[in-house]
Protein chains: 2
Amino acid sequence: MSGLLERLRGRGWRMTSQRRVVAEVLDGDHVHLTADEVHARAVQRLPEISRATVYNALGELVALGEVIEVSTDGRAKRYDPNAHRPHQHLVCSGCGIIRDVHPTGDPLSGLPAQERFGFEVSKVEVTYRGLCPSCA
Amino acid sequence: MSGLLERLRGRGWRMTSQRRVVAEVLDGDHVHLTADEVHARAVQRLPEISRATVYNALGELVALGEVIEVSTDGRAKRYDPNAHRPHQHLVCSGCGIIRDVHPTGDPLSGLPAQERFGFEVSKVEVTYRGLCPSCA
DNA sequence: TCTTGACTTGGATTCTGTCCATCGTAGGAT
DNA sequence: ATCCTACGATGGACAGAATCCAAGTCAAGA
């Protein structure tokens, strides 16, 4: 599963060596890296790449809808390339590990109209928290 | 509804003018202030209160379960004094305003056992996003 | 190959939050 | 009422995350 580069090219994303490396680092389904972790991995392939460029590229990938921004801990944001299948996150309160999960049903259905206060609700983010088997 | 000070005193929380002011600023059901906003309001009542003291007091109130930490935007954490009635949050993607909402049903029921990966899931945070009437 | 506007760079800056040594004080003890 | 002392407050330094900016570089179309 590696259509990311092709999709980006097809959408007119100007391809540079830096952007290619960032996209390659993220290409994989079960990764939740911080910007600095992405930068660290990018540096291994392209030693001169700067943090600002990584931040720029990540921001653009998010704007394009190819990557999802996840902030589960109030610390650094994480970047989730699994943007094509809707999912939620399960986070260990001990070690912080994150797993993608797929709840049943429509999460929007839990919010009655009188609880929407006139908002046009379009998205629901659910974070399940608990202890993973190793931390329990 | 203003039992916060009394509850804190009853739990042996050493009362100082600074802590009193922080608790008073937060005492109200529909407030979602950042630490700096709490500090700004506290300064109006007690001009010399320091940011560190506000952070300390907020951290203790969270540890006591009297205030909930909310981070809906990856920016500054917000502090929600409505800790006694379980609720979720509805956030405007335009202006960032936050409303407390009460979804129906048990949010945990949407996650089947085989999607829990052996975790002991104990808490669910739901953030509904959309446009408020003013921003739509 | 040339040209140009878009991209990259790295250092400065902002924002959020924590740490620490020192000073002050709430509240129990006398 | 006063004294003690452990706990809280202070503010400046520090740290982590992210953004900004001016100057240099380059991808890709002409």
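These numbers come from the heavy atoms of this one structure, side chains and all, not from hydrogens, waters or symmetry mates. Convention: sequence-line order gives letters A, B, ...; per-chain numbering from 1.
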Do the side chain of [X] and the main chain of [Y] share a donor and acceptor less than 3.5 angstrom apart?
X        : Y        : value
A:Arg116 : A:Leu111 : yes
B:Gln88  : B:Val126 : yes
B:Arg19  : B:Arg14  : yes

For this session: Answer yes when A:Arg99 and B:Glu115 have at least one side-chain N-carboxylate O distance shorter than 4.0 Å, and no when they do not.
Result: no

Exercise. Is it true that A:Arg78 and A:Glu37 make a salt bridge, defined as a side-chain N closer than 4.0 Å to a carboxylate O?
Worked result: yes

Is there a continuous path of hydrophobic side-chain contacts, each under 4.5 Å between heavy atoms, that joins [X] to [Y]?
X       : Y       : answer
A:Tyr55 : A:Leu26 : no
A:Tyr79 : A:Leu61 : yes
A:Leu46 : A:Leu5  : yes
A:Ile98 : A:Leu33 : no

Exercise. When you look at CD1 of B:Ile97, are more than 12 heavy atoms from neighbouring residues, nucleotides or ligands closer to it than 6.0 Å?
Worked result: no

For this session: Identify, residue by residue, the members of residues 34-53 of chain B with a heavy atom below 4.0 Å from DNA chain D, and return them in order of residue number, or none.
Result: B:Glu48, B:Ile49, B:Ser50, B:Ala52, B:Thr53

Seminar exercise, completed: Here the residues of residues 72-80 of chain B within 4.0 Å heavy-atom distance, strictly under, of DNA chain D are none

Exercise. What side-chain hydrogen bond (donor to acceptor under 3.5 Å, both in side chains) pairs are there with at least one residue in residues 41-53 of chain B, not counting sequence neighbours?
Worked result: B:Glu24-B:Arg45, B:Ser50-B:Thr53

Problem set entry | Start and end of chain A contact along DNA chain D [non-hydrogen atoms, under 4.0 Å] | D:dG16 to D:dA28

For this session: List in numerical order all residues of residues 9-20 of chain B for which some heavy atom is under 4.0 Å away from an atom belonging to DNA chain C.
Result: B:Arg14, B:Met15

Exercise. Would you say a side-chain N or O of B:Tyr55 is under 4.0 Å from OP1 or OP2 of C:dG17?
Worked result: yes

Exercise. Please, which pairs that meet ring pair (Phe, Tyr, Trp, His ring centres under 6.0 Å) have at least one residue in residues 20-42 of chain A, sequence neighbours excluded?
Worked result: A:His32-A:His89

